[in-house]
Amino acid sequence: GLMAFSRMLVENMESCINKGHHHRFCQTGIGWVTRELYTADKEIVTTFLKRNLMLFSAEGLRYALEKSDSTTKNQMMKKHKSLQV
């Protein structure tokens, strides 16, 4: 069902972001998929983003958070910025 599909997507995105997180198209692709998955499964996406926040570029994270509520978006972007050195 949907939960199994969501988990499969997250596993693949984690593999990609951990192996090639510095590549722009890897970042934007993950951001786009995450953005769309958020509408179906907010919890799994929020967990994925928190677990991998330091690996996201600002652009990838911005795409990932496009459909999230403003509070979540602001908190994640602020936390992301604090992790960047």
Side-chain angles (χ1 to χ4, degrees):
L2 182 59
M3 292 300 295
F5 183 69
S6 296
R7 282 193 300 274
M8 182 210 51
L9 280 175
V10 167
E11 288 171 10
N12 283 301
M13 290 187 301
E14 282 189 326
S15 176
C16 184
I17 201 165
N18 282 300
K19 290 179 183 173
H21 68 274
H22 58 281
H23 295 291
R24 179 174 183 232
F25 295 114
C26 180
Q27 287 282 329
T28 54
I30 290 171
W32 295 334
V33 172
T34 304
R35 173 188 65 204
E36 299 307 319
L37 184 57
Y38 186 84
T39 61
D41 196 337
K42 293 176 182 157
E43 186 178 325
I44 199 168
V45 168
T46 302
T47 301
F48 165 72
L49 290 173
K50 287 179 179 177
R51 193 169 46 234
N52 295 286
L53 194 59
M54 70 221 116
L55 299 175
F56 271 89
S57 67
E59 179 184 33
L61 185 60
R62 189 174 63 248
Y63 284 126
L65 293 169
E66 274 183 1
K67 293 188 178 180
S68 66
D69 61 89
S70 60
T71 301
T72 301
K73 189 181 302 186
N74 291 335
Q75 288 174 345
M76 292 264 196
M77 293 301 282
K78 184 177 181 180
K79 176 77 172 169
H80 179 262
K81 190 171 184 175
S82 75
L83 294 171
Q84 305 304 305
V85 203

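- Residues Val10 and Arg51 meet the side-chain proximity criterion, which asks for heavy atoms closer than 4.5 Å.
- Side chain of Ser82 to main chain of Lys79: a donor-acceptor pair is present (N/O by atom type, distance under 3.5 Å, no hydrogens or angles).
- Taking OG of Ser6 as the start and CD of Glu43 as the end, the distance is 11.0 Å to the nearest 0.5 Å.
- A side-chain N or O of Thr72 and one of Asp69 form a donor-acceptor pair less than 3.5 Å apart.
- A single hydrophobic cluster is seen to contain both Val45 and Met54, as judged by linkage of ILVMFWY side chains at heavy-atom distances under 4.5 Å, directly or through other members.
- Formation of a donor-acceptor pair under 3.5 Å by the His80 side chain with backbone atoms of Phe56 is found in this model.
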Could you go step by step and tell me if Leu37 and Met13 meet the side-chain contact (heavy atoms from CB on, under 4.5 Å) rule? CA-CA 12 Å; Leu37 184 57; Met13 290 187 301; 4.3 Å; yes

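- Within 6.0 Å of CD on Gln84 lie more than 12 heavy atoms contributed by other residues, nucleotides or ligands.
- Remark: Leu9 CG to Glu36 CD distance equals 11.5 Å, nearest 0.5 Å.
- When all heavy atoms of Lys73 and Glu66 are compared, the pair lying nearest together is NZ-O, 3.5 Å.
- No continuous path of hydrophobic side-chain contacts links Phe25 to Ile30 [ILVMFWY only; heavy atoms under 4.5 Å].
- In this structure, Thr46 OG1 and Asp41 CG are separated by 9.0 Å, a value rounded to the nearest 0.5 Å.
- Of the possible polar contacts, one joining the Gln27 side chain to the Ser57 backbone as a donor-acceptor pair under 3.5 Å is found.
- For the atom pair CE (Met76) and CG (Leu61), the distance works out to 7.5 Å, reported to the nearest 0.5 Å.
- With hydrophobic clusters built from ILVMFWY side chains whose heavy atoms lie under 4.5 angstrom apart, Ile17 shares a cluster with Leu83.
- Nearest heavy atoms, Lys67 versus Tyr38: O-CE2, 3.5 Å.
- Using a 4.5 Å cut-off on side-chain heavy atoms (C-beta onward), Asn12 and Val33 make no contact.
- Counting only distance, with no hydrogens or angles, the side chain of Ser68 and the backbone of Leu65 share a donor-acceptor pair below 3.5 Å.
- Looking only at side-chain heavy atoms (C-beta outward), Phe48 and Thr34 come within less than 4.5 Å of each other.
- Annotation: side chain of Met3 is not in contact with side chain of Ile44 (no heavy-atom distance under 4.5 Å).
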